[in-house]
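These notes are about the structure you will find just below.
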Amino acid sequence: NQQLDRKRQQQARKYYHQLLENFPDSAYKAEAQFNIAESLYNEGNYLEARFEYEKFLQLHPVHSLASRAQFQLGMCSLKQMLSYDRDQTHTHQALQAFRLLRRQYPQDPLVPVAEAHIRMLRERLAERELYVARFYYRKKAYQAAIGRLLNLIQVYPTTPALDEALYMLADSYRAEENYVKAQRALRLLVDRFPESTYVSRARTQLRRLPNTGIALQ
């Protein structure tokens, strides 16, 4: 523990491993296993740290450090998270880990921190979904864009870019000649986001759409 406090991570792990090998019945073995993971995390070796945290949870699922280990699993993935235009595997892993912490340890002091991370991670995934939707929209691959936009609107309804998503959705429906759905999306945009920069364009589109039989206000 002194070596760990002095940031001598490798030396600390050496002693922890000796303890685990030579004293399998020690009352300190759970803490030693946890601190092996901590030392790897402190070094920035998040892949191996994740493995050791998982091992700790398998061996000591009801230990007082279990909630902390679960939180650190999320942090290992969060530290490896890439920008929204790249693969989001680590984002999904972190989100899953923090949600599991919240479900298994609802009273734990780390839950509010985990919830803040969950909000941030969901926003990252929403950014990813919007990024892909924009790509398809600009390529005029409207069916693919519609699928991504619908998922964005349904799964991440609080994303700040929801007005843009609704406008692209409406325009994609219009391009596919699905004028009823286009009109509904535009009306939703106008009603929910009256201050949006997309409102004037939405009103113009509404006036230009063929008669759908839906009364306009």
Side-chain angles (χ1 to χ4, degrees), residues 1-132 151-152 155-156 158-161:
N1 285 348
Q2 288 179 350
Q3 298 302 314
L4 194 65
D5 291 340
R6 294 170 183 170
K7 302 187 186 306
R8 298 173 182 172
Q9 315 295 345
Q10 292 184 358
Q11 189 64 35
R13 283 200 299 278
K14 175 184 175 181
Y15 289 132
Y16 289 136
H17 281 299
Q18 287 179 353
L19 186 151
L20 292 174
E21 291 170 5
N22 298 326
F23 304 95
D25 298 323
S26 170
Y28 297 105
K29 65 180 181 180
E31 183 182 345
Q33 178 63 53
F34 179 84
N35 284 343
I36 288 172
E38 288 283 271
S39 70
L40 289 164
Y41 180 87
N42 293 339
E43 284 182 335
N45 192 342
Y46 303 120
L47 186 62
E48 288 191 38
R50 181 181 177 84
F51 172 80
E52 295 296 341
Y53 286 123
E54 289 176 338
K55 184 177 179 180
F56 172 86
L57 287 170
Q58 290 171 358
L59 294 173
H60 312 285
V62 296
H63 193 274
S64 60
L65 288 170
S67 62
R68 176 71 184 183
Q70 182 61 44
F71 179 85
Q72 288 295 90
L73 277 178
M75 290 302 300
C76 286
S77 295
L78 188 148
K79 292 289 188 179
Q80 298 176 86
M81 189 171 65
L82 303 176
S83 58
Y84 67 82
D85 57 336
R86 301 176 66 186
D87 181 73
Q88 295 301 300
T89 297
H90 295 303
T91 310
H92 285 288
Q93 288 177 342
L95 187 62
Q96 182 181 19
F98 289 130
R99 282 174 168 167
L100 186 57
L101 169 72
R102 185 173 62 182
R103 183 167 65 252
Q104 290 188 335
Y105 311 97
Q107 305 303 319
D108 194 272
L110 288 170
V111 168
V113 183
E115 288 178 337
H117 288 320
I118 288 170
R119 289 191 294 271
M120 180 274 292
L121 292 164
R122 281 179 54 81
E123 186 55 38
R124 175 61 58 86
L125 293 174
E127 289 175 342
R128 170 66 178 181
E129 203 69 7
L130 184 62
Y131 171 79
V132 176
N151 185 66
L152 173 67
V155 179
Y156 309 104
T158 60
T159 180

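Numbers for residues simply follow the sequence, beginning at 1.
Using cut-offs of 30° and 60° on the angle between ring planes, the pair Phe56 and His60 is tilted. Note on ring orientation: taking the six-membered ring where Trp is involved, the planes of Tyr41 and Tyr53 are perpendicular (angle over 60°, cut-offs 30° and 60°).
Lys29 contributes no side-chain N or O that, together with a main-chain N or O of Leu20, makes up a donor-acceptor pair within less than 3.5 Å. With Arg122 contributing its side chain and Thr158 its backbone, the two residues share no donor-acceptor pair below 3.5 Å. Of the possible polar contacts, none joining the Arg102 side chain to the Val111 backbone as a donor-acceptor pair under 3.5 Å is found. When atom types are taken as modelled, the side chain of Gln88 and the backbone of Arg128 share no donor-acceptor pair closer than 3.5 angstrom. Here the side chain of Gln11 pairs no donor or acceptor atom with the backbone of Gln9 at under 3.5 angstrom. Looking only at distances, a side-chain donor or acceptor of Gln80 sits under 3.5 Å from a matching main-chain atom of Cys76.
Phe71 places a side-chain heavy atom less than 4.5 Å from the side chain of His117.
For residues 13-28, the salt bridge (Lys or Arg N to Asp or Glu O under 4.0 Å) pairs, not counting sequence neighbours, are Arg13-Glu43.
For Gln104, the CD atom is densely surrounded, since the number of other residues' heavy atoms within 6.0 Å is greater than 12. Other residues, nucleotides and ligands contribute more than 12 heavy atoms inside 6.0 Å of the OH atom of Tyr105.
Rounded to the nearest 0.5 angstrom, Leu100 CG and Ser67 OG are separated by 11.5 Å.
A salt bridge does not link Glu123 with Arg119: every distance from a Lys NZ or Arg NE/NH1/NH2 to an Asp or Glu carboxylate oxygen is 4.0 Å or more.
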